[in-house]
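Here is how names work: the chains are called A, B, and so on, in the same order as the sequence lines, proteins then strands, and each is numbered from 1.
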Protein chains: 2
Amino acid sequence: MTEIDTTGTRELAKALVGLSHHVLHMFNDIGRGHDLTAQQTELVCAVIVRDRVRMSDLGKVMHLEKSNLSGLVDRTEKRGLIMRRRDPEDRRVTYVELTEEGRQVATSTHCEVTRRLNDLVAQLPAEVQLSLTEVVEKITES
Amino acid sequence: MTEIDTTGTRELAKALVGLSHHVLHMFNDIGRGHDLTAQQTELVCAVIVRDRVRMSDLGKVMHLEKSNLSGLVDRTEKRGLIMRRRDPEDRRVTYVELTEEGRQVATSTHCEVTRRLNDLVAQLPAEVQLSLTEVVEKITES
DNA sequence: TATTGTTATACTCTATAACTATA
DNA sequence: TATAGTTATAGAGTATAACAATA
């Protein structure tokens, strides 16, 4: 553990925190144009890439307690972007689906999210991108 | 723009969002052990690595509006971890400093934050770490 | 009994704007 | 006038626990 190592990891730590803010702040920026909060933006993006999702799965993806997700889904439903639908085969389960307006907004915002993240990592060398993807997937699946 | 490229960037995008949640969630986890919110944890960490900081600089680092920072500093001050001090040379400026308890808590939490971020990236090859640090610093300084 | 989701409560956080004090 | 910070307000997000319905 040399001086240089310590400094290096400290810098990387700071960079990672900055990156995380930057990424989650993006949802804020992008949502604002559609009169959505960051969480609502992330919610519709999470739904559109999965088409139809259980509440419980959304909670895992978005790191939200079920009660908090309930509230977020309430507000986004009131905003007219999503709908709840009961699973007739297991009536404990609720699916979240996009409305017509929701689909439009989600398509547009998700497109912009992807584009911006793309721009963000385009500056990284290809092998860093690959390595990063692999490691992050391993890390975040736990 | 081949199929593979598209899939690759989509995976990386998903990974980045996951990573960001993971990182900011860490502050939550770590803070909980000290009866701190995620924002309070990040605040004391941001202060300890800078010793004494202006409100305005804290706002930039933490991506907070000045009014929101004011509230966060209020709550953290009430919690007994920080103090405000006026700059006698420019009385518009307020510095945030740690109290004795704040210094202890901040040392402990910052240490754990660094350790966990360290574990997080330890799986990346050294040159990837370096490259990542450089690029992310460039990205987030804007 | 375990799982899925809702409701209730109290608090923190956020966005916006109007404000005070200093330079 | 510009800058640094506070206050006020309304809404959104969060943690926790108790609850209802289904399996």
Novice: Check this for me: does any side-chain nitrogen of one of B:Asp57 and B:Arg50 sit under 4.0 Å from a carboxylate oxygen of the other?
Specialist: no
Novice: Within this structure, what is the CZ-to-C1' distance between B:Phe27 and D:dG13, rounded to whole angstrom?
Specialist: 19 Å
Novice: Can you tell me if the side-chain N/O atoms of A:Asn68 get under 4.0 Å from OP1 or OP2 in D:dT16?
Specialist: no
Novice: Output the rounded distance in Å from NE2 (A:His63) to P (D:dA15).
Specialist: 11 Å
Novice: Of the options C:dA15, D:dA4, C:dT4, whose atoms approach the side-chain atoms of B:Glu65 most closely?
Specialist: C:dA15
Novice: So, B:Arg115 and B:Asp119, do they make that salt bridge, N to O below 4.0 Å?
Specialist: yes
Novice: Output the distance between atom OH (A:Tyr95) and atom CZ (A:Arg54), rounded to the nearest 0.5 Å.
Specialist: 5.0 Å
Novice: Rounded to whole angstrom units, what separation is found between the CE atom of A:Met62 and the P atom of D:dG13?
Specialist: 9 Å
Novice: Quick one: CG on A:Asn118 to CG on B:Leu12, what's the gap to the nearest 0.5 Å?
Specialist: 8.5 Å
Novice: Which of residues 73-98 of chain A sit near DNA chain C, with a heavy atom under 4.0 Å from it?
Specialist: A:Arg84, A:Arg92, A:Val93, A:Thr94
Novice: Tell me which residues in residues 33-44 of chain A put a heavy atom below 4.0 Å from DNA chain D, sorted by number, or none.
Specialist: A:Thr37, A:Gln39
Novice: Separation of B:Met55 atom CE from D:dT3 atom P, in whole Å?
Specialist: 18 Å
Novice: State yes or no: do B:Val136 and B:Val49 share one hydrophobic cluster built from I, L, V, M, F, W and Y residues joined by side-chain heavy-atom distances below 4.5 Å, directly or via other members?
Specialist: no
Novice: B:Lys66 NZ to D:dT7 P: how many Å, rounded?
Specialist: 13 Å
Novice: With the threshold set at 4.0 Å, does a side-chain nitrogen-carboxylate oxygen contact exist between A:Lys14 and B:Glu137?
Specialist: no
Novice: Side chains of B:Leu24 and B:Asn28: closer than 4.5 Å at any heavy-atom pair?
Specialist: no
Novice: Hey, could you give me the OG1/CE distance between B:Thr109 and B:Met26, rounded to the nearest 0.5 Å?
Specialist: 10.0 Å
Novice: B:Leu24 CG to C:dT14 P: how many Å, rounded?
Specialist: 11 Å
Novice: For B:Lys60 and D:dA4, give me the distance from atom NZ to atom C1', rounded to whole Å.
Specialist: 11 Å
Novice: Establish, with yes or no, whether the OP1 or OP2 oxygen of D:dG5 is under 4.0 angstrom from a side-chain nitrogen or oxygen of B:Ser56.
Specialist: yes
Novice: Rounding to a whole Å, what distance do you find between A:Asp57:CG and C:dT4:C1'?
Specialist: 11 Å
Novice: Can you tell me which nucleotide in C:dG5, D:dT6, C:dC13 comes closest to the side chain of B:Leu72?
Specialist: C:dC13
Novice: Name the residue closer to the 5' end of DNA chain C, choosing between A:Arg32 and A:Leu69 according to the nucleotide with the nearest heavy atom.
Specialist: A:Leu69
Novice: Find the distance between CZ (A:Arg75) and OG1 (A:Thr37) and round it off to the nearest 0.5 Å.
Specialist: 7.0 Å
